[in-house]
Each structure stands twice: as C-alpha cells, then as structure tokens.
Engineer: 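Dropping a structure here in structure tokens format, bear with me for questions.
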Amino acid sequence: MATFADIGVAAGLNILFAVAFLVAFAFLRLQPINDRVYFPKWYLLGLRSCPMEQGSFVTKFVNLDWRSYIRFLNWVPDALRMPELELIDHAGLDSAVYLRIYLLGLKIFVPVALLSWAILVPVNWTNNTLANAGASEKLQYSNIDKLSISNVPYGSPRFWTHIVMAYAFTFWTCFSLQNEYAKVAEMRLHFLASQRRRPDQFTVLVRNVPPDQDESVSEAVEHFFLVNQPDHYQTHQVVINANKLAKLVKEKKSKKNWLDYYQLKFTRKHTRPMTKTGFLGLWGEKVDAIDHQIAEIDRLSTEIVEEQKRVKTDPKSIMPAAFVSFKTRWGAAVCAQTQQSRNPTLWLTDWASEPCDVYWDNLAIPYVSLTIRKLIVNVAFFFLTFFFVIPVTFVQSLANIEGIERRAPFLKSVIETRFIKSIVQGVLPGIALKIFLLVLPTILIMIAKLEGLLSISALERSSAFRYYIFNFINVFLVSVIAGTAFEQLDTFIHESANDITRIIGVAIPMKATFFITYIMVDGWAGVAGEILRLTPLIMFHLKNFLLVKTEKDREEAMDPGSIAFHMAEPRLQLYFLLGLVYAVVTPIFLPFILVFFVFAYLIFRHQIINVYNQKYESAASFWPDVHARIIYSLGVMNLLFVRYPLQEAMMKDTLERTREPNLDLKSYLQSAYIHPVFKNEDEEEDGEEDIDEKIQESLLVATTRSRRNTPAPSKYSGGSSPSLPESVAENAGSQR
C-alpha cells in the first residue's frame, strides 16, 4: 500500500518526466526545421512564413540566437495573452468552451480544497481508529490513510463535519455549474448570431424517402418539397453510395505518394529503383518501381472515371436520402424540427452537419438497419466493458507488493528495495492502466462508426459517452473493488463474510492513493507529452524527406491534429468524478487534481492557439453532456458518502454479538415483514377457544356496518359502461 514516501517518489518521477518533456519542447520549437510542427495553425491561416527560407545554410535548420534560449518559457505568457473573444475568432467556440471546462474545474476545486485542508484534514488526522485496527491485524493502511475519513471512529460527532462539508461542496458545485451553464449558453447564442454563413445553416438531411416506381429519388424529393415547401425550397443533393469510389481515390493517392518517393530516390541515387508486385513489395515479379507506379495510377484513373459514371446512373447506388437546402434559415429550421408526412417513419428530417463534419461512409447505410446496428453496438460495448475487468484487475494486482511476492517469490529481494518498492506502488499501476487504455478510444470510435452515425461530431460524442461509462465502471468501480480485495486478501481469507464487508467499507477511501498515481502519470506527464508532439514531429520529418515535393505536400505533412473530444472530455469527467468523490473522503487527493487542471489549461491553450486545426465546429453542442456528467459525479459523491456508515454498522453488529452472544436473530426477523393481518391471526390462535363468541359478535357487527355504509352502485362501476354522448366523445378525441 502506497505511503507518503511512495507518493513522493511517484511525484518526483512524473515531475521529472514532465519537466524533461517541456524542456525538450522549448528547445525543439525554437529550431527553424521544426517550425511547421509546433506552429501549423498559423501556416494554415497564411499568417506565418517559414524561417528556413531566410538566413545562411546553418540557420535554416538550427537557431543560433542565444537570446531566444533565455526566453524559452515565453510560450506560457503567450498562451495566456490572447483574450477569449479573439480565441473564439481564431479557433472557434468549441475550443474556447473546451478550455472553460478546465477553468470550471479550478473554480470548483480551489475553494473545495481550501476548505477540506483547513477543516477535514485536522478532523481526520487527530484520531487513532486505523492505528487501533492495525494493532488488531484486521486492516492494512498507510500514513496517507490517516488523513481520510477512515480514521474517524464510529459514533464520533466529528462525522457531522463531513456531512456539512458534503452539502457545502454540493451546493458550491451546483452554483458554479449554474453560472457556467448560463455563460456558455450566452456565448453560444452570440456565436450563432455572429457566425459566418455556412451551408449547414440552410440544409436539412432527409432520410427514408419512400420508393416510387414513376419517379427517381431525386425527382421524388424535388416534387415533395415543391409541393409542401414551395416558398422556401431551394435545391437538393441526393445521397450516393460512393464508398467504392472513395477507396479507389484513396488508393490512387497512396500510389502517387509511392511514385514521389521513388522519383526522389532516383534523383538522389541516379539508379532506377526496383520493386516486387506482390503484397507490400515482398514477393512477386521484380519490376521498375517508377514505371509500375505510373501504370497503377493510370489503371486507377480509368477505374475512377468509370465508377463516377456508374454511381450517378445506377439506381442501386442512389440512397433514399438527400441533403435539401432552403432559401432561408427559418425554412430549414421548420423542416428540420417538424414531421413531414402522415407516416412518421417516412421523410425523416434532421439538421445536416457542416460538410467537413459529415461522415460520408455511413450515409450509405439503410435507415431500417440502424436499430439492429444499435443493438449490436450496445451488446459489443457490454462485452468490451466486461472483459476489460481482467486487465484492470491485473493493474490492481501490481499495486499490491504482497500479491506480487506471493506470485513471484524470486522477486522479493528486488521489490523490497526501498526505491523499487516506491516505483512499483507509486508509478507502475498508473503506467499499466494508461497503457491498457491507449487502444480504447480507437475501439470505441470503431463501435460508433458501426452504429451508423452520420457526422464526426456525433461519432465523437457517442464515443465520449461510452468512454465515460467505461471509466466509471472499470477505472473507478472495478479499481476500488479489485484493489481493496487484493490489499486485504489475507484478511478476507481468515475472516468471516460479515467482517469482509466491514473491511471493504473501511478500505474504499484508501484507494485514493492509486488514483493519485494515475493522475500523476496521465494528467501530469501525459499532458506534458501532448505539447512535445513527438509522433507528429517524427512523421513530419519522415514525410518531408521521403514524399514532399510541393508546398501542398508540405502542408499535408504538418498534421496539426485537433482536440480529440472522444478522449479528452471523458478524461476530464473522470477527474471531476474522482475529485468530487474524494473531496470529503480523502482531501489529500485534491492538490493533485488542481495541478492537473492548471497544467492542462496552459498546455491545451497553447496547442489550440498554435497547433490544433479543428475538423468541425459544433458551437459547443457538447456542453450539456459535460454539465450532466458532472451532476452524475455529484450523485456518486453523495452515494458513496452514504455508503461509508455501513462500516460503522458492521462494528455495531460485532459489538451486539459480543454483548448478546445467544441472540436468536432468525426468530427476530422471521415475522418482521409479515403482513399485519397474518400477524393478528397468529396472536389470536392460542386463545381462539376462549374468545370464540366475541369473534362471532365482532364479525356480525362488522358485517352490519359494512352493509349500511356500502354506497349505491354507480352506473360507471362494474360491468359495461354506457356509451358516452357522441359530442362528448368527439370533444375528448379532439383534446387528445
């Protein structure tokens, strides 16, 4: 179990890695050769020129100005200097509101942390509950846990402090959320009012167009809206299944990249490069690489032309859907939010996403198959969540030194070394969990694509929701339960089932140490790695050396990336959840959360200003999801807080068994929940013969009274009710 020393080692290592990443970034960003990697946003806007175009040969690659290295931390004030309104114009409302989530975290947790450390930490520390439990060898704990609620004894009036603080933190969080929601709503309305004209403001996606033997889909759409929206209908574009065509275009682009590579290779070496025609050039006939790629490009160009002609005329390629544009935004709004036909399953309308946000591959999916796809996706996500319990449980086993020594005794001498032990308990679990979660966002995006969603933003929101559910179940709940089980395994084996419940109840707050290590790995070092952009840096120079021939090629090689909402937003929600849950339970957790929010705000503000180029703009449509999940976290905070008295209930049970060892609890509970009428019969059974006459008399009196008090039967009660007057029936129907 991690101690203060283990957490100190973990913090030192993660700070060391974070500083190393920041220093490397500060050095690399100053080099002219890396300018397009660390400032691609400005190149795409046409507001920055490449420093490699000026100066001597050496200065085109290396920055020799020593004064710039003294000012290597200038990126911090530069990131904070841009006002929010200018940031919205520069990067969009999505990016600005995303940054406000970090500020919201600071607004919530700074006062919470101050109150917790000023009030709850002294209350928790000045008790000896865990010390007494450890002396009886019933519980394993560390000195960190003395700062938690677990160190408060049963029945102590000090619990009122935690209850009051829980309500205070809940009130403050709700107050902050209310103010932030109002601010974001105001920003969204202002942004929409001042937004430049975009096609999606006038366009509606119409799906499930009914088939007509006399008309094509295009003619049916035009005819329908000319009849029903004659004053507002403008034009339409039928949805075409062009997935095969898209694959051919992608393949041709790949062949062109290989042709550029081989031509550059020929220019440098002055010998014709050779390749094999088989898979990945590993086998097959050996041919001239340049000629082979030219022949492949010609073949694909011919196939592309033929496929373009086919999809425009083949009825099987034309989907029963269309993008319908209107003359006014009002007309589009009316169409998008109203039912178009008597049959509610036909002519289904919804707002069209902006063109760069449309996920074109899914437009070819028939509407009738979406329900089945959603069912398959939900089942797949259930099994993914269920089977991921195994790696999460494995991670928790790494956090337990005793468990590792039990399974690998030969490592005991190495693990017991103080520094190694601190790394194993303070660093390794967080790294292992981070590694296991690396592939999860990609899997969830694939699942969302299978679901049939029609826009990139919808894919990311759906993936983010499932990621949040996954984090809540596996990262939070399973980590708490599995980690507690591993840490108290010996106690579980030697104690009764009732004592195990008590031990788990006491040990739940102690898992804060694991989440502290995870936040340092993911939220400190991980965020610092984001600004270094090591993978884009390597890929840019590889592409620049192997493929780039024109300025357009160089722009494509920059890869500015964007805010990955499907990964970043669920991570933020996990931190909100952990912060709110442990604010009352283990206040030592809060400073690590605050460091993350401050550090991440600086990093991502810099990236949004200088690097990221968002694929789409949703006008902060993701904010209600953020708001709702913080509310869910508040609910979990209060639920867990109520659960902690269970440990005290177990203590009371133990005390009761000590005082009344012969208590027959089964007899006490056997009739506790029997219906009262059956209880009366049991009590009267023994004296039935003595009071038979009184019972008969009571029954006679009761029968007489019931007859006197029974009302006359209503004409609407029992049997068949008379029919209502025709006018009344029509009126009722019209009210429905």
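For the single chain, residues carry numbers from 1 onward in sequence order.
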Engineer: With a 3.5 Å distance limit and no angle check, can you tell me whether Gln178 reaches the backbone of Phe175 through a side-chain donor-acceptor pair?
Structural biologist: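 Not a single qualifying donor-acceptor pair exists.
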Engineer: Output yes when a side-chain donor or acceptor of Gln614 lies under 3.5 Å from a complementary backbone atom of Ile563, and no otherwise.
Structural biologist: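 Yes, the answer is positive, given that a donor and an acceptor are paired below the 3.5 Å cut-off.
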Engineer: Can you classify the ring geometry of Phe225 versus Phe326 as parallel (below 30°), tilted (30 to 60°) or perpendicular (above 60°)?
Structural biologist: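 Answer is perpendicular, since the angle exceeds 60°.
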Engineer: Would you check, one step at a time, whether the test side chain to side chain contact (heavy atoms under 4.5 Å, CB included) holds for Leu375 with Thr371?
Structural biologist: CA-CA 6 Å; Leu375 176 62; Thr371 302; 6.0 Å; no
Engineer: Determine all donor-acceptor pairs shorter than 3.5 Å in which one atom belongs to a side chain in residues 525-534; sequence neighbours excluded.
Structural biologist:
residue: Glu530; atom: OE2; partner: Tyr612; partner atom: OH; Å: 2.3
residue: Arg533; atom: NH1; partner: Val37; partner atom: O; Å: 2.6
residue: Arg533; atom: NH2; partner: Asp559; partner atom: O; Å: 2.7
residue: Arg533; atom: NH2; partner: Pro560; partner atom: O; Å: 3.2

Engineer: Anything under 30° is parallel, anything over 60° is perpendicular, the rest tilted; go ahead and classify His232 against Trp330.
Structural biologist: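 His232 and Trp330: tilted rings.
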Engineer: Working note: Glu84 + Arg605, criterion salt bridge (charged side-chain N to carboxylate O under 4.0 Å, His left out); need CA distance, chi angles, decisive distance, verdict.
Structural biologist: CA-CA 11 Å; Glu84 188 174 60; Arg605 205 173 203 276; over 6 Å; no
Engineer: So which of Tyr632, Phe597, Phe596 actually passes ring-ring contact (aromatic ring centres under 6.0 Å, His included) with Phe576?
Structural biologist: Phe597
Engineer: Ignoring hydrogens and geometry, is there a side-chain-to-backbone donor-acceptor pair from Gln339 to Ser341 under 3.5 Å?
Structural biologist: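 Pair found, side chain donor or acceptor close to backbone of Ser341.
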Engineer: If you measure only the distance, is there a donor-acceptor pair under 3.5 Å linking the side chains of Tyr467 and Glu460?
Structural biologist: no
Engineer: Show, in sequence, the C-alpha distance, side-chain angles and deciding distance for Asp94 and Phe622, and conclude whether the side chain to side chain contact (heavy atoms under 4.5 Å, CB included) test is met.
Structural biologist: CA-CA 8 Å; Asp94 282 347; Phe622 59 88; 3.6 Å; yes
Engineer: Look at the rings of Tyr102 and Phe604 and say which category their plane angle falls in: under 30° parallel, 30 to 60° tilted, over 60° perpendicular.
Structural biologist: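 Parallel.
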Engineer: Is the backbone N or O of Gly452 less than 3.5 Å from a side-chain atom of Arg373, with the two atoms forming a donor-acceptor pair by type?
Structural biologist: no
Engineer: Could you tell me whether a side-chain N or O of Thr313 sits under 3.5 Å from a main-chain N or O of Lys309, the two making a donor and an acceptor?
Structural biologist: yes
Engineer: Decide yes or no on side chain to side chain contact (heavy atoms under 4.5 Å, CB included) for Thr203 and Phe323, but give the supporting numbers first.
Structural biologist: CA-CA 6 Å; Thr203 306; Phe323 290 99; 3.9 Å; yes
Engineer: Does the side chain of Arg207 reach to within under 4.5 Å of the side chain of Trp347, using non-hydrogen atoms?
Structural biologist: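 No, side chains not in contact.
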Engineer: Test side-chain hydrogen bond (donor to acceptor under 3.5 Å, both in side chains) on Gln573 and Arg629 and set out the steps.
Structural biologist: CA-CA 7 Å; Gln573 295 304 325; Arg629 288 165 197 163; over 6 Å; no
Engineer: For Lys449, does its backbone N or O pair with a side-chain atom of Asn362 as donor and acceptor, under 3.5 Å?
Structural biologist: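 At least one qualifying donor-acceptor pair exists.
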Engineer: Can you tell if the side chain of Gln340 reaches within under 4.5 Å of the side chain of Cys335, non-hydrogen atoms only?
Structural biologist: yes
Engineer: Once the angle between the rings of Phe592 and Trp524 is folded into 0 to 90°, is it parallel (under 30°), tilted (30 to 60°) or perpendicular (over 60°)?
Structural biologist: parallel
Engineer: Aromatic rings Tyr582 and Phe515: how do their planes relate, parallel, tilted or perpendicular, breaks at 30° and 60°?
Structural biologist: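 Rings of Tyr582 and Phe515: tilted, 30 to 60°.
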Engineer: Using a 4.5 Å cut-off on heavy atoms from C-beta on, say whether the side chain of Lys41 contacts that of Val611.
Structural biologist: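 A side-chain contact is absent here, since even the closest heavy-atom pair is not under 4.5 Å.
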Engineer: Does the side chain of Leu440 come within less than 4.5 Å of Leu384's, by heavy atoms?
Structural biologist: yes
Engineer: Describe, in one word, how the ring planes of Phe514 and Tyr518 are oriented to each other, choosing from parallel (under 30°), tilted (30 to 60°) and perpendicular (over 60°).
Structural biologist: parallel
Engineer: Using distance alone, with no hydrogens and no angle criterion, decide if Ser457 and Ser455 have a side-chain donor and acceptor under 3.5 Å apart.
Structural biologist: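 Ser457 vs Ser455: donor-acceptor pair found between side chains.
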Engineer: Begin with the C-alpha distance, continue with both residues' side-chain angles, and end with the deciding distance and a verdict on side-chain hydrogen bond (donor to acceptor under 3.5 Å, both in side chains) for Asp522 and Tyr575.
Structural biologist: CA-CA 11 Å; Asp522 180 64; Tyr575 290 168; 2.5 Å; yes
Engineer: Set out, in order, the CA-CA distance, both residues' side-chain angles and the distance that settles side chain to side chain contact (heavy atoms under 4.5 Å, CB included) for Val97 and Met187, then state yes or no.
Structural biologist: CA-CA 9 Å; Val97 172; Met187 293 171 62; 4.3 Å; yes
Engineer: Determine whether Val626 and Trp623 make a side-chain contact, defined as any pair of heavy atoms from C-beta on separated by less than 4.5 Å.
Structural biologist: yes
